[in-house]
Amino acid sequence: VQLQASGGGSVQAGGSLRLSCAASGIISRIDVMGWYRRAPGKQRELVASITRGGVTDYADSAKGRFTISRDNARNMVFLQMNSLEPEDTAVYYCNAYMSGPYWGQGTQVTVSS
């Protein structure tokens, strides 16, 4: 299974970005999909996750600004990020769980003040 993330880039504070991630390969059933991030000098942290049934979970820092969604038919997960802050600067990784975790390659998000 491969996960391909896209949509990262550089924006100014207050701007928006939409991340996309597509899973391909031999896929049975993806239970949970999510986005994690690793900021410089920090550990990787969960940003948001979504179950196959649409139940979502967000880090406190993402609540009210980010929205996660998924397309089960296309095995895709999205992260709409609004009101971005410099503290959101990180490499964002998509994740899919189906009898084990799978990780995408990461996409850089840079927010300037």
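Computed from a predicted model, the values in this text were never measured in an experiment.
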Judged by atom type as modelled, is there a donor-acceptor pair below 3.5 Å linking the side chain of Arg44 to the main-chain atoms of Tyr36?
no

Using the disulfide (SG to SG under 2.5 Å) rule, collect all pairs that involve residues 26-73, keeping only residues at least two apart or in two chains.
none

Are Val109 and Val111 packed together at the side-chain level, in the sense that at least one heavy-atom pair is separated by less than 4.5 angstrom?
yes

I'd like to check Ile50 versus Val32 (side-chain heavy atoms, cut-off strictly below 4.5 Å). Are they in contact?
no

Report yes or no: do Leu46 and Val77 belong to one cluster of Ile/Leu/Val/Met/Phe/Trp/Tyr joined by side chain heavy-atom distances under 4.5 Å?
no

Do Gln4 and Gln105 have side-chain heavy atoms sitting under 4.5 Å apart?
yes

Would you say the rings of Trp35 and Phe66 are close, in the sense that their centroids are separated by under 6.0 Å?
no

Heavy-atom pair of closest approach, residues Leu19 and Gly8
CD2-N, 3.6 Å

Could you tabulate the donor-acceptor pairs under 3.5 Å formed by side-chain atoms of residues 92-100, not counting sequence neighbours?
residue, atom, partner, partner atom, Å
Tyr92, OH, Arg37, NH1, 2.9
Tyr92, OH, Asp88, O, 2.6
Asn95, ND2, Tyr102, O, 3.4

Minimum heavy-atom separation for Val91 to Gly106, with atom names?
CG1-CA, 3.8 Å

Measure the spacing between CD of Glu45 and CD of Gln43 and express it to the nearest 0.5 Å.
10.0 Å

Identify, with sequence neighbours excluded, every residue that meets side-chain hydrogen bond (donor to acceptor under 3.5 Å, both in side chains) alongside Lys42.
none

Could you give me the CA-CA distance, side-chain angles and deciding distance for Arg70 and Ile68, then say whether side chain to side chain contact (heavy atoms under 4.5 Å, CB included) is met?
CA-CA 7 Å; Arg70 67 186 280 179; Ile68 190 170; over 6 Å; no

Distance in Å, Met33 CE paired with Asn72 CG, rounded so as to fall on 0.5 Å steps
8.5 Å

Would you list the atom pairs, donor with acceptor, under 3.5 Å between side chains in residues 78-86 and any protein atom, with sequence neighbours excluded?
residue, atom, partner, partner atom, Å
Gln80, NE2, Asn82, OD1, 2.9
Asn82, OD1, Ser16, OG, 2.9

Please name the pair of heavy atoms, one in Pro40 and one in Thr89, separated by the smallest distance, quoted to 0.1 Å.
CD-O, 4.0 Å

For Gln108, what residues pass the side-chain hydrogen bond (donor to acceptor under 3.5 Å, both in side chains) criterion, not counting sequence neighbours?
Thr110

Set of ring pair (Phe, Tyr, Trp, His ring centres under 6.0 Å) partners for Tyr58, sequence neighbours left out:
none

dist Ile30:CD1 -> Met76:CE (nearest 0.5 Å) comes out at 11.0 Å

